[in-house]
Amino acid sequence: MHKHKRRVSARHRRGAMLVFIAVCLPLLIIMAAFAVNVAWMQLTRTELRTATDAAARAGAKELSLKQDKNAAQAKAEEAAARNLVAGKPLELADADVHFGKSVQVGSGRFNFTDGAAAPNAVRITANRTNGSKSGPVDLPFSGVLGVGTFEPREVATSTQLDRDICLVVDRSGSMMWTLTGGSNYPKGTKACDKPHPTQSRWGALATSVDAFLTELDKTVQDEHVALCSYSSDKNECGNTYKISKIDSDLVSDVNVIRNEMAKISSKPVKGSTAISAGIDEGIKVLTGKKTRPFAVKTMIVMTDGIHNLGKEPIISAQNAAKQDITIHTITFSDDADIARMKAVAAAANGKHFHATSQAELTNIFREIAATLPVLTTE
């Protein structure tokens with residue numbers, strides 16, 4: 001009797017479990033399918049983000065190199081197509097590629113303005129949606145919850161802040177003097193000798209310019225550099241000096257600038273301090289035929305003394321600002337007119353720096369070379 005009851009009870013339990021499994025199995029299958037779909041969606045979003053970033057970077061780099069929006073658009077679309085998203089190459093329509101201006105606001109953040117006249121950024125809007133060139137993404141289990149596809153969208157912006165830079169350096173007679181101030185020549189040198197390579201102000205400048213160019217070589221963006229110098233019209237020590245001179249127009253090979261600095265270093269520097277004439281030469285360079293239409297224009301003006309020839313430098317700085325040229329100024333030695341050079345920088349939306357030693361001067365040039373942002377993606 002008891003054995004019979006136990007057998008019936010066992011059969012009832014087995015029957016109940018079969019009913020439970022029959023009820024739960026579809027739910028388990030649905031949950032598993034849902035999990036697979038979610039994982040597929042996450043993978044696809046990651047692939048789409050990677051492809052979008054690659055397209056934006058490629059477009060921004062091409063815009064920098066070619067200064068041509070059509071070439072940049074083609075390069076962005078080509079880069080997108082090299083990346084698979086859900087097993088298919090990402091296809092961009094022309095309307096998915098936007099050119100505009102990115103401006104840094106705050107620490108590390110950029111604002112993008114579509115359609116700016118002088119673009120420095122490429123924004124990619126990549127879609128796998130109905131109506132896009134690649135279409136929506138099919139889900140592995142399309143019948144789950146009645147959904148067969150999903151439509152991810154990613155946006156990426158790359159900014160290439162290339163710079164056309166003009167170095168405007170002081171080659172007046174005081175640049176032959178010692179670093180600390182006063183009209184003393186370094187020990188062992190005379191008025192008609194070439195500047196002392198380590199103990200003269202010119203020697204300190206030459207070393208700092210070399211460090212500046214080395215720092216530029218480390219940056220991602222493409223800089224073109226020019227060199228102008230100024231003093232005054234003068235005949236002395238068997239040499240003829242001009243008030244200002246474009247020693248080198250914009251070049252991508254910074255060794256050209258090194259060679260021009262070496263030429264100036266090979267003979268004495270002489271004359272007065274016509275800072276405005278130097279700035280005017282810099283404006284000619286940064287508005288000339290070799291400037292790139294989408295590059296940021298920067299002038300770096302260095303002096304060790306007081307402006308004493310020609311028009312007021314602030315007037316020249318204001319003219320530079322009208323041409324979208326930023327001027328950073330550097331004063332060196334206790335003899336420099338710091339207040340005036342601060343005003344010059346302020347007039348052209350730049351910064352002023354002061355150095356009292358060669359080490360400080362070198363660090364300032366390095367800082368300016370590394371200051372501006374290079375390539376950013378948002």
Side-chain angles (χ1 to χ4, degrees), residues 35-142 147-162 219-222 292-296 372-378:
V36 171
N37 280 348
V38 169
W40 176 246
M41 292 165 68
Q42 185 59 41
L43 174 62
T44 301
R45 285 194 184 98
T46 300
E47 291 177 339
L48 184 59
R49 182 68 202 184
T50 300
T52 308
D53 285 351
R57 287 194 299 269
K61 188 62 180 177
E62 191 72 4
L63 183 67
S64 163
L65 293 174
K66 301 289 182 61
Q67 301 285 295
D68 182 275
K69 290 192 286 188
N70 291 330
Q73 179 159 328
K75 186 64 70 171
E77 293 176 7
E78 177 188 322
R82 288 198 300 267
N83 289 269
L84 296 180
V85 179
K88 294 174 58 177
L90 177 62
E91 295 185 73
L92 296 178
D94 290 348
D96 295 333
V97 184
H98 302 266
F99 297 92
K101 188 82 169 179
S102 269
V103 178
Q104 191 173 23
V105 290
S107 177
R109 192 169 66 87
F110 283 75
N111 277 349
F112 176 83
T113 302
D114 195 4
N120 66 352
V122 176
R123 170 167 284 180
I124 303 297
T125 303
N127 299 295
R128 286 296 308 268
T129 58
N130 281 316
S132 68
K133 293 189 73 172
S134 297
V137 177
D138 292 328
L139 293 174
F141 295 93
S142 59
V147 178
T149 61
F150 91 109
E151 302 180 57
R153 178 179 182 271
E154 291 287 346
V155 177
T157 303
S158 283
T159 305
Q160 188 77 18
L161 294 180
D162 296 318
T219 63
V220 176
Q221 74 264 44
D222 183 25
R292 296 169 293 173
F294 305 148
V296 177
L372 293 181
V374 288
L375 185 69
T376 58
T377 303
E378 61 177 4

Residue pairs, two or more places apart or on separate chains, that pass salt bridge (charged side-chain N to carboxylate O under 4.0 Å, His left out) and touch residues 75-87: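 Those involving residues 75-87 are Glu78-Arg82.
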Considering residues at least two apart in sequence or located in another chain, which fulfil the side-chain contact (heavy atoms from CB on, under 4.5 Å) criterion with [X]?
X: Lys88; answer: Arg128
X: Ser64; answer: Gln160, Asp162, Asp222
X: Ala35; answer: none
X: Thr113; answer: none

Return the minimal non-hydrogen interatomic distance between [X] and [Y], and the atom names on each side.
X: Ala118; Y: Pro293; value: CB-O, 4.0 Å
X: Ala55; Y: Ala80; value: CB-CB, 4.0 Å
X: Leu92; Y: Ala76; value: CD1-O, 4.0 Å
X: Leu48; Y: Ala126; value: CD1-CB, 3.8 Å
X: Gly59; Y: Ala72; value: O-CB, 3.4 Å
X: Phe99; Y: Phe112; value: C-CZ, 3.9 Å

What distance do [X] atom [atom1] and [Y] atom [atom2] have between them, rounded to the nearest 0.5 Å?
X: Thr44; Y: Glu154; atom1: OG1; atom2: CD; answer: 11.0 Å
X: Leu90; Y: Lys133; atom1: CG; atom2: NZ; answer: 10.0 Å
X: Lys69; Y: Glu62; atom1: NZ; atom2: CD; answer: 15.0 Å
X: Glu47; Y: Leu84; atom1: CD; atom2: CG; answer: 7.0 Å
X: Leu63; Y: Gln73; atom1: CG; atom2: CD; answer: 11.5 Å
X: Glu91; Y: Asp96; atom1: CD; atom2: CG; answer: 10.5 Å

Only counting residues at least two apart or in another chain, list the ones meeting side chain to side chain donor-acceptor pair (under 3.5 Å) with Asp114.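 Asp114: side chain to side chain donor-acceptor pair (under 3.5 Å) contacts with His98.
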Measure from the side-chain N and O atoms of [X] to the backbone N and O of [Y], and report whether any donor-acceptor pair falls under 3.5 Å.
X: Trp40; Y: Asp138; value: yes
X: Asn130; Y: Pro136; value: no
X: Arg57; Y: Thr159; value: no
X: Asn37; Y: Phe141; value: yes
X: Asp53; Y: Thr50; value: no

For Thr157 and Ser102, what are the C-alpha separation, side-chain angles and deciding distance, and is it a side-chain contact (heavy atoms from CB on, under 4.5 Å)? CA-CA 9 Å; Thr157 303; Ser102 269; 4.0 Å; yes
Would you check, one step at a time, whether the test side-chain contact (heavy atoms from CB on, under 4.5 Å) holds for Asn127 with Glu151? CA-CA 7 Å; Asn127 299 295; Glu151 302 180 57; over 6 Å; no
So does Lys101 have more than 12 non-hydrogen atoms from other groups sitting under 6.0 Å from NZ? yes
Would you say Thr149 and Leu139 make side-chain contact, with heavy atoms under 4.5 Å?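 When only atoms from C-beta onward are counted, Leu139 and Thr149 do not touch, as no gap falls below 4.5 Å.
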Test side-chain contact (heavy atoms from CB on, under 4.5 Å) applied to Val137 and Phe150, step by step: CA-CA 5 Å; Val137 177; Phe150 91 109; 3.7 Å; yes
